[in-house]
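These notes are about the structure you will find just below.
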Amino acid sequence: MIDDALVAYLKTLTAVTAIVGTGDDARIRPDRLEDSDTRPCIVIEVEDEDPANDLTGTGGLVFTDVSIYSIARTKAAARALAEAIRLNGTDPGTGLAGCHATAASIQFDAVLYSTQIDYIPLGDGSSRGNWHVNSLYTVSYQETI
């Protein structure tokens, strides 16, 4: 699954793992957090998948829109995590934006960074809230059968 492949790939980025942990302890989750997850952390949501078929019905290339939520206790920390994902601490980046790699047996042909939306969830105005940075990516990859 593409979300598992993205989790696996993000776990290889040193700028990301320096923030959210490494290996099985990394706070990078598909769809939702676990109750035990502390901040900062990452949630990956697959928004849609568009398989490309030819006239023979043969698939191959899939285009997927993905939201990656960087969640932290402060706005600065959430933005820093989103940038670590995008660039992996280098410019030009070696992070997810522009990535061409293989993770969890899925080859990413291209990962295109689309836009970024900042928001804070509604709350009581205290400092207990979380800042979220929603980064939108389009991933193209080869379908596996």
Give, for atom [atom1] of [X] and atom [atom2] of [Y], the distance between the pair rounded to the nearest 0.5 Å.
X: R27; Y: T38; atom1: CZ; atom2: OG1; result: 4.0 Å
X: S140; Y: Q107; atom1: OG; atom2: CD; result: 9.5 Å
X: T64; Y: I106; atom1: OG1; atom2: CD1; result: 8.5 Å
X: I19; Y: I28; atom1: CD1; atom2: CD1; result: 10.0 Å

For D65, all residues meeting side chain to side chain donor-acceptor pair (under 3.5 Å), sequence neighbours excluded
T138

Applying side chain to side chain donor-acceptor pair (under 3.5 Å), name anything that partners Y113, two or more places apart in sequence or on another chain.
Q116

Determine the minimum heavy-atom distance between [X] and [Y], stating which atoms define it.
X: A104; Y: A5; answer: CB-CA, 3.8 Å
X: C99; Y: A101; answer: SG-CB, 3.7 Å
X: A72; Y: A77; answer: CB-CB, 3.6 Å
X: A103; Y: A8; answer: CB-CB, 4.3 Å

Please give the remaining members of the hydrophobic cluster of V133, linking ILVMFWY side chains under 4.5 Å, ordered by chain and number.
none

Using a 4.5 Å side-chain heavy-atom cut-off and chaining through intermediate ILVMFWY residues, the residues clustered with L61 come out as F63

As a quick check of understanding, evaluate side-chain contact (heavy atoms from CB on, under 4.5 Å) for R29 and D31, giving each step before the final call.
CA-CA 6 Å; R29 309 282 183 232; D31 299 319; over 6 Å; no

Using distance only, find each side-chain donor-acceptor pair of residues 39-47 under 3.5 Å and give its atom names and separation, not counting sequence neighbours.
residue	atom	partner	partner atom	Å
R39	NH1	D37	O	2.9
E47	OE2	S67	OG	2.8

Could you tell me if the side chain of I2 sits less than 4.5 Å from the side chain of F108, heavy atoms only?
yes

Co-membership, hydrophobic cluster, residues V7 and Y137, 4.5 Å side-chain
yes

Starting from V62, can I reach L6 by hopping between I/L/V/M/F/W/Y residues whose side chains sit under 4.5 Å apart?
yes

Out of L136, N134, L81, L96, which residue meets the side chain to side chain contact (heavy atoms under 4.5 Å, CB included) rule with I68?
L96

In a table with atom names and distances, give each donor-acceptor pair under 3.5 Å that connects a side chain of residues 83-90 to protein atoms at least two apart or in another chain.
residue	atom	partner	partner atom	Å
E83	OE1	R86	NE	3.4
E83	OE1	R86	NH2	2.8
E83	OE2	R86	NE	3.1
N88	OD1	T14	N	3.2
N88	OD1	A15	N	2.9
N88	ND2	T94	OG1	3.3
T90	OG1	L87	O	3.3
T90	OG1	P92	O	3.1
T90	OG1	T94	N	3.1
T90	OG1	T94	OG1	3.3

Keeping H100 on the side-chain end and D109 on the backbone end, is there a donor-acceptor pair under 3.5 Å?
yes

